[in-house]
Structure formats: C-alpha cells, structure tokens
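Take a look at the structure below.
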Number of protein chains: 2
Amino acid sequence: MTFVLAVDDDPAILRTLSINLRARGYDVETAGDGRSALQIIDERMPDVVILDLGLPDLDGVAVLKRLRVYTQVPVVVLSARHESDDKVEALDEGADDYVTKPFDMEELLARVRAAIRRSGGDDAPWVVESGDVRLDVRERQATRAGADVRLTPTEWHIVEVLARREGRLVRQGELLHEVWGPAYDRETNYLRVYLAQIRRKLEQDPSRPTMFITDPGIGYRLVV
Amino acid sequence: MTFVLAVDDDPAILRTLSINLRARGYDVETAGDGRSALQIIDERMPDVVILDLGLPDLDGVAVLKRLRVYTQVPVVVLSARHESDDKVEALDEGADDYVTKPFDMEELLARVRAAIRRSGGDDAPWVVESGDVRLDVRERQATRAGADVRLTPTEWHIVEVLARREGRLVRQGELLHEVWGPAYDRETNYLRVYLAQIRRKLEQDPSRPTMFITDPGIGYRLVV
DNA sequence: GCGGACGTTGACGCGTTCTTGACGGGCGGG
DNA sequence: CCCGCCCGTCAAGAACGCGTCAACGTCCGC
C-alpha cells in the first residue's frame, strides 16, 4: 500500500487530507510540525510527502532541504502564500509539484498520483478490466470499448472504493462513510441513485448489472 | 505497524494500556469518551479497538453499534460490570471478545492479538467448508459446487450464528434472541421456516440435512 | 445572467423478503 | 391404539429494499 505523509499545522486540513487519501486506499500518517515530519520520514520512508510551507517550527523549505539530503521521495508542496518566491524556492530545493491553498481536493489528489507515478515508486497501474470496460483508478480514466467514459467526481469516488476491494463486499455504511462522510451512514438513497448512474455509464445492460453487483440489504461489490 | 485504539474514561487505565501496547510495538491512540473514539475511527481506521463499556457520554454498546454500521474492525470489549447482560449485548452487537476489569494485562494482550489474527490483519476469510459448500461469513458469500448461492439477510444472520459456533449446539432461544431480538424467544416457527429455506439452498438433500442438524426440542448445529 | 453539469431529495412501482397461520407426519407416552 | 408434541412444509399477505425518474438547488464557465 502506498504510504503518504501529510504535513500541515492546521489539524482541520490534516483531517480532510487524511480522510480523502484513505478513501483512495493510501496509508496515511500526519505531522503537525517540521520536526515530527522529519522523524516520521526517518522512521518509515513515505512514498510521497504532502508538505505545507507554513509550519510552527521549521519552515517548510527547511524541511524540504533537510530531507533532500538523504532521499528523493517526491514532495508536493502546499501553501497559503501566493508569493511566487516560496514556490520558486521550494521547486529549487527539489519539490516535485506545488498546490496553492485553498486547494481543490481532486486537483491535489491528481498531483499526488502524478508525483508517485513519476517517482516510479509503487507503480503497479491500478486497473480493473471487465469485458470491454477498463477502469484506471490511478489515472482516473474509464473507457468502454476503447471510448472514454466520463464519470463525475462522486461517481469516481464510489468506483474507487469498490475497485480497491475488487470482488469483495463493501457494506452500504462503509461506502456512505467513505464517500459522503460519517453523517450519511443511513442515506442509502444516495447509493441507489449513484449506482444507477454508474451502471448506466458502464454496464452493458444497466438493468442487469454484471460488474456492479448489489447484495440486497448489505452492500455492493465490483465483480470482474 | 498495527494501529490500536484504546477507549476508556479512566486516564490511568489508558496510560497503562498505552505503555504496554507500545512496548509490544503497536501504534496506539487513546480516547476518553465515545465521541472522540468515533472521530478517531473516522479519521484513521484502527486495526483493533479496545473499548470500555462505561463511558461518560455514549454507552460503549452505542459506540459499538455505530461503528459496526460501516466497519468490521475487531473490537475487544472491556468492562467493570459483572452482569452478563452487557457482555451478551456487546457480543450481539459484534464485539469480538470480552475482558472483565480488573484484567490481567497479559490476558488482554493475548485477546488483542487473537482479535487481530482472526480479523486476518488484512484478509483471512472466515470460512466454513463442507463438501462442495463454502460459507465465507466475512464476505457474505456462499458457494455450492463453485456456483454462487444467494442468501437473504436473515438467512445469513442464522448461518453466521451457527458458523461462529461450528459443530456446537445453539439453542433455539439463543438463535431467536440473536437474530430477531429478545422479544421473539418463543417464536420457534421462524426457525423452522428459515432453516428449511437455508437447507433448500445449501443441502444436497434438504429433507435429509447433513450440515444444518436439528436437535429436537433443543436447537440446531452446523456440522462440517 | 444564462445554461449546463452535478449533487441532493422525494416519490413511486416492483420484486424480494419477512411474517404469520395452517396442515401433515414422525415419534414417544399414556 | 390414540393423543400430543414438535418439526418440516407450504402459501398468502404485509413490509421492505431497490431501481428508476423527475424536480430542485448550486456552482461554475461562458
């Protein structure tokens, strides 16, 4: 499993990052300051680091400098500052990419995936194929009979969770929890609506699903 | 690293648990009440939860119920109460094991290890096999001669209870209590109907059951 | 501001599942 | 031999979950 370290001084942002990354199947650890970030890197090298530049102790750039001494781990820098100085400095010091706060989660995730891919790290392309349908979770690309299929962010999120556990049962509560958050544990309505949309886009015969299977009363599973 | 969440309202106990678990190489987080426990589970799914039943806000059983909506994480329940009510209720709600305070640390650790092992760390399917029939309780998948067999939620519930005590007798009252709740202790009708359905789906010769055996007047057992 | 894409909700029909009552047969005791 | 108990079987109505549709709100790009 790909291991991601997220570093930010704002616990709310760490929490958001954590939830979204975990929902995509990453193993996540967080750090609130530069010192603990370096310690974690020292103990257990991540596959990618998400690094905020504004930290209470060491400056983000300082952290970057120090870790670049001994590792090439890809680093995606995160910052509230709009001045290009930091950006330039960070990229000079070996950052791989740069996202400005407030950031779009999907964009950040895309850049994280890209950074991991470039590093050639955990490079097993994350693909599920069934019949003429191909789902590339990492690239967020779905094709059917060679043609691109457009999925909305929420649709992707569901497909991702199911694809990550391909063939295995995912309970309704789990899906809701991962995609919509803990407050939606019982809104099975959403699942019905979205599974229908996904099937309409991906299944041969949407009324007779062969990939996105319902386990009545329990949950769903993606069968290949 | 295995991540353990310990939930108790007594800081001294949390401290003891923390020290002992960390000494064994676990990654430990603690919570003093139900709300923060659920929040931690939400943010970072533990590999095992140690849960005290007496909490200041939510009852331990309430916490258990809520987290069972969306996750199968193993839970070892901890309680100062000696009444078996809580114990039964907690186990009914999906707790994996139970330790009574004051507890022996080695015993607790052994139970935690066992819970982790049973959960398979990642995926050891909880399966019962007999002849050409295979029951995977975790994944809720039943196959017979390789072909999928569809069981309804209630049917699964019964199969699950019997499978968990594979080979041993389960009294009618226990089955009714676990599947339909305490108010149905005498509705043995239900059992007859459902056992017949289960046998029809899983037994070679439903009128001559070899797996789902009746002990007349007492209960049922699952024989492999 | 206008239109489209997307997410959220509520309603409805349909098939499945659950519940409930009734019936018959095997077995043991009176 | 008859009776009662308990189990397996069946059937029918009720309740429930799911798929589907349509309407609405919001956000964003044009």
Side-chain angles (χ1 to χ4, degrees), chain A residues 20 23 102-107 140 142 148-159 162 169-173 175-176 178-181 183-221, chain B residues 69 140 142 148-160 162 169-173 175-176 178-181 183-221:
Chain A
N20 279 281
F103 57 89
D104 174 54
M105 183 54 69
E106 292 306 325
E107 185 194 347
R140 203 159 266 241
D148 264 39
V149 175
R150 274 175 58 78
L151 295 182
T152 71
T154 308
E155 286 163 8
W156 260 119
H157 207 151
I158 293 171
V159 168
L162 290 173
L169 173 68
V170 181
R171 280 158 206 277
Q172 295 175 345
L175 258 178
L176 289 165
E178 295 219 355
V179 177
W180 280 274
Y184 291 76
D185 280 352
R186 316 242 168 226
E187 303 283 350
T188 61
N189 239 333
Y190 293 11
L191 294 181
R192 300 212 297 275
V193 171
Y194 273 93
L195 264 293
Q197 280 170 356
I198 292 169
R199 282 168 178 154
R200 212 172 305 139
K201 292 180 178 179
L202 294 176
E203 292 275 3
Q204 201 90 28
D205 178 357
S207 62
R208 259 161 228 259
T210 60
M211 301 178 61
F212 295 90
I213 305 296
T214 302
D215 278 69
I218 311 296
Y220 295 86
R221 71 180 81 207
Chain B
V69 171
R140 244 179 223 233
D148 263 40
V149 175
R150 204 163 227 300
L151 296 182
T152 71
T154 310
E155 286 163 10
W156 261 119
H157 208 151
I158 294 171
V159 168
E160 204 175 322
L162 291 173
L169 175 66
V170 181
R171 288 171 186 283
Q172 296 176 345
L175 258 178
L176 288 165
E178 176 125 8
V179 177
W180 280 274
Y184 291 74
D185 280 351
R186 316 241 160 238
E187 303 283 349
T188 61
N189 238 336
Y190 294 10
L191 295 180
R192 299 211 297 277
V193 171
Y194 274 94
L195 264 293
Q197 278 171 358
I198 292 168
R199 283 168 177 154
R200 209 172 307 138
K201 292 181 178 180
L202 294 176
E203 292 275 3
Q204 201 89 29
D205 178 357
S207 61
R208 258 168 244 261
T210 60
M211 300 177 63
F212 295 90
I213 306 297
T214 302
D215 279 67
I218 315 289
Y220 295 86
R221 74 179 76 209

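Just so it is clear, the model here is predicted, and its values are computed rather than measured. A, B, ... follow the sequence lines: proteins, then strands. Residue 1 opens every chain.
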(message) Listing request: all salt bridge (Lys or Arg N to Asp or Glu O under 4.0 Å) pairs with a residue in residues 210-220 of chain B, at least two apart in sequence or in separate chains.
(response) B:D215-B:R221
(message) For B:R208, give me all partners under side chain to side chain donor-acceptor pair (under 3.5 Å), at least two apart in sequence or on another chain.
(response) B:D205
(message) Between P on C:dT17 and CD1 on B:I198, what's the gap in Å once rounded to a whole number?
(response) 13 Å
(message) Whole angstroms only, please: what is the CZ-C1' distance between A:R150 and C:dG4?
(response) 11 Å
(message) For residues 194-217 of chain A, which residue pairs pass the ring-ring contact (aromatic ring centres under 6.0 Å, His included) check, not counting sequence neighbours?
(response) A:W180-A:Y194
Would you tabulate the pairs of protein nitrogen or oxygen atoms and nucleotide nitrogen or oxygen atoms of nucleotides 7-11 of chain D closer than 3.5 angstrom?
residue	atom	partner	partner atom	Å
D:dC7	OP1	B:Q172	NE2	3.0
D:dC7	OP1	B:G217	N	2.6
D:dG8	OP1	B:R199	NH1	2.8
D:dG8	OP1	B:T214	OG1	2.7
D:dG8	OP2	B:Y220	OH	3.1
D:dG8	N7	B:R192	NE	2.7
D:dG8	O6	B:R192	NH2	3.2

(request) Take the protein atom CZ of B:R186 and the nucleotide atom C1' of C:dG21, then report the distance between them rounded to whole Å. (result) 20 Å
(message) Counting only side-chain nitrogens and oxygens, does A:W180 get under 4.0 Å of the OP1 or OP2 atom of C:dT8?
(response) yes
(message) Which residues pass the side chain to side chain contact (heavy atoms under 4.5 Å, CB included) test with A:V193, not counting sequence neighbours?
(response) A:Q197
(request) Step by step, work out the side chain to side chain contact (heavy atoms under 4.5 Å, CB included) result for B:L175 and B:L191. (result) CA-CA 8 Å; B:L175 258 178; B:L191 295 180; 4.0 Å; yes
(message) Check this one for me: any side-chain N or O of A:T152 less than 4.0 Å away from OP1 or OP2 of C:dC6?
(response) no
Using atom names, set out every protein N or O paired with an N or O of nucleotides 27-30 of chain C below 3.5 Å, distance rounded to 0.1 Å.
none

(request) Quickly work out the B:W156 CH2 to C:dT17 C1' distance and round it to whole Å. (result) 17 Å
(message) What is the separation between atom CD1 on A:I158 and atom P on D:dG19, rounded to the nearest whole Å?
(response) 12 Å
(request) Could you tell me the separation between the CD atom of A:Q197 and the C1' atom of D:dT20, rounded to a whole number of Å? (result) 11 Å
(request) Applying side chain to side chain contact (heavy atoms under 4.5 Å, CB included), name anything that partners A:P153, two or more places apart in sequence or on another chain. (result) none
(request) Give the intermediate values and the outcome of side chain to side chain contact (heavy atoms under 4.5 Å, CB included) for residues B:Q204 and B:M211. (result) CA-CA 9 Å; B:Q204 201 89 29; B:M211 300 177 63; over 6 Å; no
(request) Using a heavy-atom cut-off of under 4.0 Å over every strand shown, decide if B:R208 touches base, sugar-phosphate, or nothing. (result) nothing
(request) Give the rounded distance in Å between these two atoms: OH of B:Y184 and P of C:dC18. (result) 13 Å
(message) Once side chain to side chain donor-acceptor pair (under 3.5 Å) is applied, do any residues pair with A:E178, and if so which ones, sequence neighbours excluded?
(response) A:R164
(request) Determine which pairs satisfy salt bridge (Lys or Arg N to Asp or Glu O under 4.0 Å) with at least one residue from residues 183-204 of chain B, sequence neighbours left out, and list them in order. (result) B:E155-B:K201
(request) Using whole Å, report how far NE2 of B:H157 lies from C1' of C:dT19. (result) 17 Å
